[in-house]
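Read through the structure below, which is laid out as structure tokens, and then see the notes.
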Amino acid sequence: MNERYVVVDVETTGHSVGKGDRIIQIGAVVIEEGEIVETFASFVNPGQTIPPFIEELTGISDDLVENAPSFREIIPELLPLFTKSSFVAHNVDFDQAFLKNQMELEGYQLPDMPVFDTVELARVLLPKQESYKLGQLAEHLGFSHDRPHQADSDAEVTSTLFLSLLHKLNRLPVLTLQQLAPLSRRFKSDLEPMLQSIIHQKLAQGVTDDEQYDCYRQIALKKIKDEPELKEKGIQPSFNDYLQTLYDEDGKMQTAFTNYELRPGQKQMMMEVDEAFQHNEHKMIEAGTGTGKSLGYLLPAAFFSYTKNEPVIVSTQTIPLQEQLLSRDLPLLNHLLPFSVRVSLLKGRSHYLCLRKFEQSLLHTHEDSYDVLLTKALLLIWLTETAHGDMEELNLPSGGKGFWYEVQSDAASDLGRYSPWFSRCFYHRARKRAQSSDIVITNHALLCTDLVHEQRLLPTYSYAILDEAHHLEETASDHLGAKADFVSFSYLFQRLGLSQEDGMLEQLHRLIHEYQIQVVGTSDTSLELVQKLKDEVDELFRMLHGYVLSKNQASATDVGRLRYRYASYLESSSTWQAILECAMRVHMQTKDCIAAFQNWVKPFSDKKDDMTYKDRSLIADVEGLIDQVYEEEQTLYELLLEYDPNMVYWLEVEPRGAKNATFLYSKPIDVSEILADRFFAKKKSVVMTSATLSINGSFDYQEKRLGLTDFGVAQCVIPSPFSYMDQVRVLLPSDIPAIKEVSDEDFAIEVSIKLWRMMEASSGKMLVLFTSYEMLKQVYYHVKKFNEFSTFQLIGQGVTSGSRAKLMKMFKQTNQAILFGTSSFWEGIDLPGDELRNLVIVRLPFSPPDQPLLQAQYEKAKEEGRNPFMEISLPQAIIRFKQGFGRLIRTTQDRGCVFILDRRISTTRYGKQFIRSLPNVPVHEGKLEDLLEQFQDYM
């Protein structure tokens with residue numbers, strides 16, 4: 001195997017040689033036999049001026065390259081490096097093509113050679129990485145990258161990365177390498193010869209992987225040790241006695257934390273949780289920021305569960321909080337407790353990989369797209385590392401997310417004990433672990449799914465803790481509602497095999513023939529049935545799309561869709577009649593389709609014992625698919641042909657999308673009764689906690705919304721340990737126009753000017769919270785114009801590409817930055833110390849009144865003679881406002897300012913309620929310039 005590699009990085013004036021761009025710096029590192037043997041680095045005079053943004057990115061200026069050699073002059077030195085070598089780069093397409101094209105301009109030829117792309121290799125070999133940017137990979141692998149975007153430094157870092165990826169490749173089990181080889185044929189990197197060489201070496205040395213890995217059915221998995229049996233439960237002290245020793249001067253609390261600060265609120269929380277469980281009562285605990293609430297409820301829950309032999313469910317709204325409980329709080333828990341507890345994480349079934357389906361998918365790769373091949377490859381590597389098989393661990397390429405649907409675990413196609421993978425199934429393992437755990441961590445979504453479905457997913461439990469409990473109503477509403485869209489149907493039709501030669505129907509008819517089963521109809525008949533159904537479904541979604549577009553009163557959503565609320569029996573036009581007739585045809589045809597499939601599949605149940613595993617898998621997949629088609633159609637039927645007065649129904653369409661890009665939704669108008677009957681009445685004690693449950697000290701709003709009014713719920717507010725009087729200033733600029741007085745465009749311009757002034761006056765970073773994505777975009781682009789010298793980094797949700805986590809990371813890594821965020825940035829963000837000094841709330845967070853669910857709730861309140869604004873809008877906005885405010889102060893050392901740019905806070909009667917709901921904090925009103933001068937030291 002060719003053991004010489006040249007790792008190259010070029011910095012250029014732009015993206016294309018053809019458009020006149022040229023190289024300004026080149027770095028190359030030569031690797032032989034796994035060692036760096038030579039380096040080359042040179043600035044290059046491009047014979048043109050360097051664009052300002054390139055200078056800013058690379059730090060390379062016209063002065064630096066003025067006396068540098070031209071590209072033509074360095075070619076004789078460069079070319080010999082590539083003799084009998086492979087070409088390596090981070091994003092190889094760019095560096096190789098640029099070098100090749102610029103050489104050709106000078107009449108030289110870059111030799112043909114094998115290439116390796118470290119971005120692609122890292123994607124496959126490091127499937128859990130958050131980012132594949134060179135700097136972040138370097139940081140993850142523990143080597144320094146002090147001059148990013150300089151070619152010599154980038155080439156050195158890329159070579160270190162490449163060597164560590166080769167090292168990992170060499171350590172992979174033979175089975176994984178053998179499965180990887182055929183997938184790698186269509187990669188950018190010429191990986192296959194290298195893989196074959198490593199496989200050959202390992203086989204010649206007689207290497208076996210059984211010691212280290214669980215090698216089964218040609219796939220290598222991580223070996224998972226059985227959990228040790230926990231010792232017999234001895235007599236434990238009472239929780240109160242235990243707390244005394246925990247908080248003694250030399251107690252375990254002192255030793256568990258490096259800079260331990262006594263948090264009286266945390267101790268109080270522990271006692272409150274224990275009391276609720278001991279007295280079998282429901283309780284709401286509002287715990288201010290900085291209380292340390294996760295440990296505050298985990299300790300008493302673990303103690304209670306262990307001593308009473310009762311499992312406790314801990315549910316959160318967000319996945320990051322679940323991960324934090326497992327990685328940060330669990331080790332602490334085991335350090336602090338006088339015994340060991342079992343804690344497990346259980347998510348919805350679709351989070352787990354189905355090994356049977358994945359194994360099948362490896363047999364068919366010829367039609368796979370590049371992204372799907374990459375995904376299959378990285379899953380093979382991941383299986384040697386994962387104990388949980390949970391997709392949240394992965395960073396999937398965008399095209400790989402669709403493939404995940406094909407290999408995720410689901411109940412419908414579960415072969416159960418017939419599957420050779422049963423004992424290794426990640427989902428069943430997670431459930432089994434949960435059954436024997438003291439504490440099971442899950443999320444509100446799974447908790448609510450459990451209320452709806454008969455098949456219980458969570459172990460039987462009577463005690464629960466709901467963190468981020470202010471989200472329970474919204475999550476319950478999502479899960480007790482229904483949704484349907486064309487994409488879900490078309491995915492099912494695709495799986496049945498309308499678009500490919502060897503679809504499921506073809507394979508099913510092959511089996512019918514092989515096992516000599518007598519059926520009516522042929523494979524053509526079945527394809528005709530499915531095609532007919534697909535055409536009707538397509539027609540139905542097109543008609544719905546047109547119907548929404550024809551309605552003038554449709555409103556726009558945050559993601560740019562049009563939305564229309566409907567009540568099926570009240571829509572009177574002839575178009576709607578035609579829609580209902582079409583829906584009825586879809587219903588009848590689905591019935592025919594399913595009846596035909598069942599006739600074909602049923603006879604196989606008598607032949608199960610004679611069938612091969614592969615054939616049994618196929619029948620299970622067909623049955624699973626039939627179930628899914630039935631469920632999708634049932635939902636559609638409910639949404640269009642049934643009506644429940646307690647539900648609200650609406651349609652959303654992509655106005656510029658495909659003509660069938662239509663989505664139907666329904667949600668219960670009020671979930672309080674359902675939660676009361678199906679959840680709270682069946683549990684002995686549920687503790688709900690969050691930093692925002694009360695409004696001005698009263699829990700009435702949440703109590704009503706969650707159906708808790710008849711349960712005599714205990715309540716308590718634990719104040720934050722922070723000294724808001726010293727740490728924060730709330731500032732209300734009086735020289736900003738009232739929202740009603742000016743157009744949105746003018747308001748956006750005013751806000752942009754004020755934000756720019758605040759940033760100029762401030763030494764820190766700023767988070768700006770919006771209630772609408774439209775306003776965010778307008779302000780972002782205005783501020784961008786002021787920022788012509790890129791003094792500040794601007795990061796806009798939905799404008800700057802990347803997930804919320806990615807935007808947060810960018811924000812943390814920059815010294816002077818403004819982060820513009822909407823909905824999801826109002827909470828769950830932790831930016832302590834200098835990571836955030838200024839928080840700006842552009843408008844009070846009232847939900848837009850054209851949301852169908854809110855409209856229906858307002859109407860219901862009016863009918864019952866209540867005031868919808870005071871009972872629904874205002875409390876919701878105050879809770880959201882408190883969440884937003886909570887982003888600023890995260891530790892006792894933080895300082896900062898909160899600017900509120902909505903004049904309603906001081907000009908309306910209800911505005912005072914927002915201020916009153918905050919902790920005791922100084923509020924100042926005045927002209928912006930005066931405020932900036934007066935509170936300079938807080939910014």
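Everything numeric in this text was worked out from a predicted model, so none of it was measured. Hydrogens, waters and symmetry mates are skipped; everything else that's a heavy atom, side chains included, is used.
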**Request:** Could you walk me through whether Lys188 and Glu120 pass the salt bridge (Lys or Arg N to Asp or Glu O under 4.0 Å) test, one step at a time?
**Result:** CA-CA 8 Å; Lys188 293 177 195 169; Glu120 177 181 72; 5.7 Å; no
**Message:** Using the rule given for side-chain contact (heavy atoms from CB on, under 4.5 Å), can you reason through Asp210 versus Cys215, listing the C-alpha separation, both sets of side-chain angles and the distance that settles it, and then say yes or no?
**Reply:** CA-CA 6 Å; Asp210 298 354; Cys215 297; 3.6 Å; yes
**Message:** One pair to check against ring-ring contact (aromatic ring centres under 6.0 Å, His included): Trp650 and Tyr566. What are the steps and the verdict?
**Reply:** CA-CA 5 Å; Trp650 75 95; Tyr566 70 94; 9.1 Å; no
**Asked** How far apart are the C-alpha atoms of Phe489 and Val629, what are their side-chain angles, what is the distance that settles it, and do they pass the side-chain contact (heavy atoms from CB on, under 4.5 Å) test?
**Response** CA-CA 7 Å; Phe489 277 101; Val629 172; 5.6 Å; no
**Candidate pair Leu466 and Ile313, rule side-chain contact (heavy atoms from CB on, under 4.5 Å), full reasoning** = CA-CA 8 Å; Leu466 310 184; Ile313 298 284; over 6 Å; no
**Request:** Would you check, one step at a time, whether the test side-chain contact (heavy atoms from CB on, under 4.5 Å) holds for Leu664 with Phe541?
**Result:** CA-CA 10 Å; Leu664 296 91; Phe541 279 96; 3.5 Å; yes
**Message:** Before you tell me yes or no, could you show the steps for Lys534 and Asp538 under salt bridge (Lys or Arg N to Asp or Glu O under 4.0 Å), namely the whole-Å CA-CA distance, both residues' side-chain angles and the distance that decides it to 0.1 Å?
**Reply:** CA-CA 6 Å; Lys534 181 182 187 290; Asp538 190 25; 5.4 Å; no
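Judged purely by atom type and a 3.5 angstrom limit, Thr449 uses its side chain to pair as donor or acceptor with the backbone of Ala445. Within the 3.5 Å criterion, the main-chain N or O of Gly389 finds a donor-acceptor partner in the side chain of Thr386. With Tyr564 contributing its side chain and Leu549 its backbone, the two residues share no donor-acceptor pair below 3.5 Å. With Asp371 contributing its side chain and Gly399 its backbone, the two residues share a donor-acceptor pair below 3.5 Å. Under a 3.5 Å cut-off, the side chain of Trp404 and the backbone N or O of Ser350 do form a donor-acceptor pair. Without hydrogens or angle criteria, Thr590 side chain to Val586 main chain gives a donor-acceptor distance under 3.5 Å. For Lys376 (side chain) and Ser361 (main-chain N/O), a donor-acceptor pair under 3.5 Å exists by modelled atom type. Side chain of Trp576 to main chain of Ser568: a donor-acceptor pair is present (N/O by atom type, distance under 3.5 Å, no hydrogens or angles). Panel note: side chain Asp438, backbone Arg342; a donor-acceptor pair is recorded below 3.5 Å. When atom types are taken as modelled, the side chain of Ser315 and the backbone of His444 share a donor-acceptor pair closer than 3.5 angstrom.
Contact annotation: the side chain of Arg563 approaches that of Pro852 to within less than 4.5 Å [non-hydrogen atoms, C-beta and beyond]. Residues Val648 and Arg565 are in side-chain contact: their nearest non-hydrogen atoms beyond the backbone lie under 4.5 Å apart. In this structure, the side chains of Val174 and Gln178 come closer than 4.5 Å at one or more pairs of heavy atoms. With contacts defined as side-chain heavy-atom distances shorter than 4.5 Å, the pair Ser477/Leu853 qualifies. In this structure, Leu527 and Gln531 have side chains that are not in contact, with every pair of non-hydrogen atoms separated by 4.5 Å or more. Contact of the Asn395 side chain with the Arg123 side chain is registered, since non-hydrogen atoms from C-beta on lie closer than 4.5 Å. In this structure the side chain of Leu540 reaches within 4.5 angstrom of the side chain of Ile579, judged on heavy atoms. Side-chain contact between Lys222 and Tyr213 is absent, with no heavy-atom pair separated by less than 4.5 Å.
Atoms OG and NZ, from Ser344 and Lys432 in turn, are 13.0 Å apart once rounded to the nearest 0.5 Å. Between the CG atom in Leu353 and the CG atom in Leu383 there is a gap of 6.0 Å [rounded to 0.5 Å]. Atom-to-atom distance recorded for Asp450:CG and Arg678:CZ is 11.5 Å, nearest 0.5 angstrom. Note that CD1 of Ile626 is 7.0 Å distant from CD1 of Ile594, once rounded to the nearest 0.5 Å. A distance of 9.0 Å separates OG1 of Thr375 from CG of Asp368, quoted to the nearest 0.5 Å. In this structure, the separation between CD1 on Ile224 and CZ on Phe426 is 6.0 Å, given to the nearest 0.5 Å.
Contact detail for Ala430 and Tyr352: the closest heavy-atom pair is CB-OH, 3.6 Å. Considering all non-hydrogen atoms of both residues, His545 and Ala661 come closest at CD2-O, 3.6 Å. Taking every heavy atom of both residues into account, Ser573 and Tyr547 meet most closely at OG-CE1, 3.6 Å. Of all non-hydrogen atoms in Thr612 and Tyr515, the two that sit nearest each other are N-OH, 3.5 Å. Considering all non-hydrogen atoms of both residues, Leu446 and Leu346 come closest at CD2-O, 3.6 Å. Across every non-hydrogen atom of Pro655 and Arg561, the tightest pair is CD-CA, 4.1 Å.
Tyr370 does not carry Arg186 over the face of its six-membered ring by the limits of under 6.0 Å from the centre and within 45° of the normal.
Between His366 and His364, the two ring planes are perpendicular [angle over 60°; tilted spans 30° to 60°]. Ring geometry for Tyr643 versus Tyr569: interplanar angle of 30 to 60°, hence tilted. Ring geometry, Phe679 versus Tyr461: the interplanar angle falls from 30° to 60°, so the pair is classed tilted.
Annotation for Glu514: atom CD counts as buried by contact number, over 12 foreign heavy atoms lying within 6.0 Å. The environment of Lys532 atom NZ is sparse: at most 12 non-hydrogen atoms of other residues, nucleotides or ligands sit within 6.0 angstrom. No more than 12 heavy atoms of other residues, nucleotides or ligands sit less than 6.0 Å from atom CD of Glu673. Within 6.0 Å of NZ on Lys591 lie no more than 12 heavy atoms contributed by other residues, nucleotides or ligands. Enclosure of atom NZ in Lys223 by more than 12 non-hydrogen atoms of other residues, nucleotides or ligands within 6.0 angstrom is indicated.
Asp670 and Ser672 share a side-chain donor-acceptor pair at under 3.5 Å. A donor-acceptor pair shorter than 3.5 Å can be found between the side chains of Thr475 and Gln317. Judged by distance alone, the side chains of Tyr613 and Glu359 do bring a donor and an acceptor atom under 3.5 Å apart. Side-chain contact, Gln408 with Tyr427: no donor N or O sits under 3.5 Å from an acceptor N or O. Under 3.5 Å, the side chains of His388 and Glu393 contain no donor-acceptor pair of N or O atoms.
With sequence neighbours excluded, the residues satisfying ring-ring contact (aromatic ring centres under 6.0 Å, His included) with Phe422 are His428.
In summary, Asp414 and Arg349 engage in a salt bridge, as defined by a charged side-chain N under 4.0 Å from a carboxylate O.
Residue Asp621 forms a side-chain hydrogen bond (donor to acceptor under 3.5 Å, both in side chains) with just one option from Arg616, Arg356, Gln360, Lys357, and that option is Arg356.
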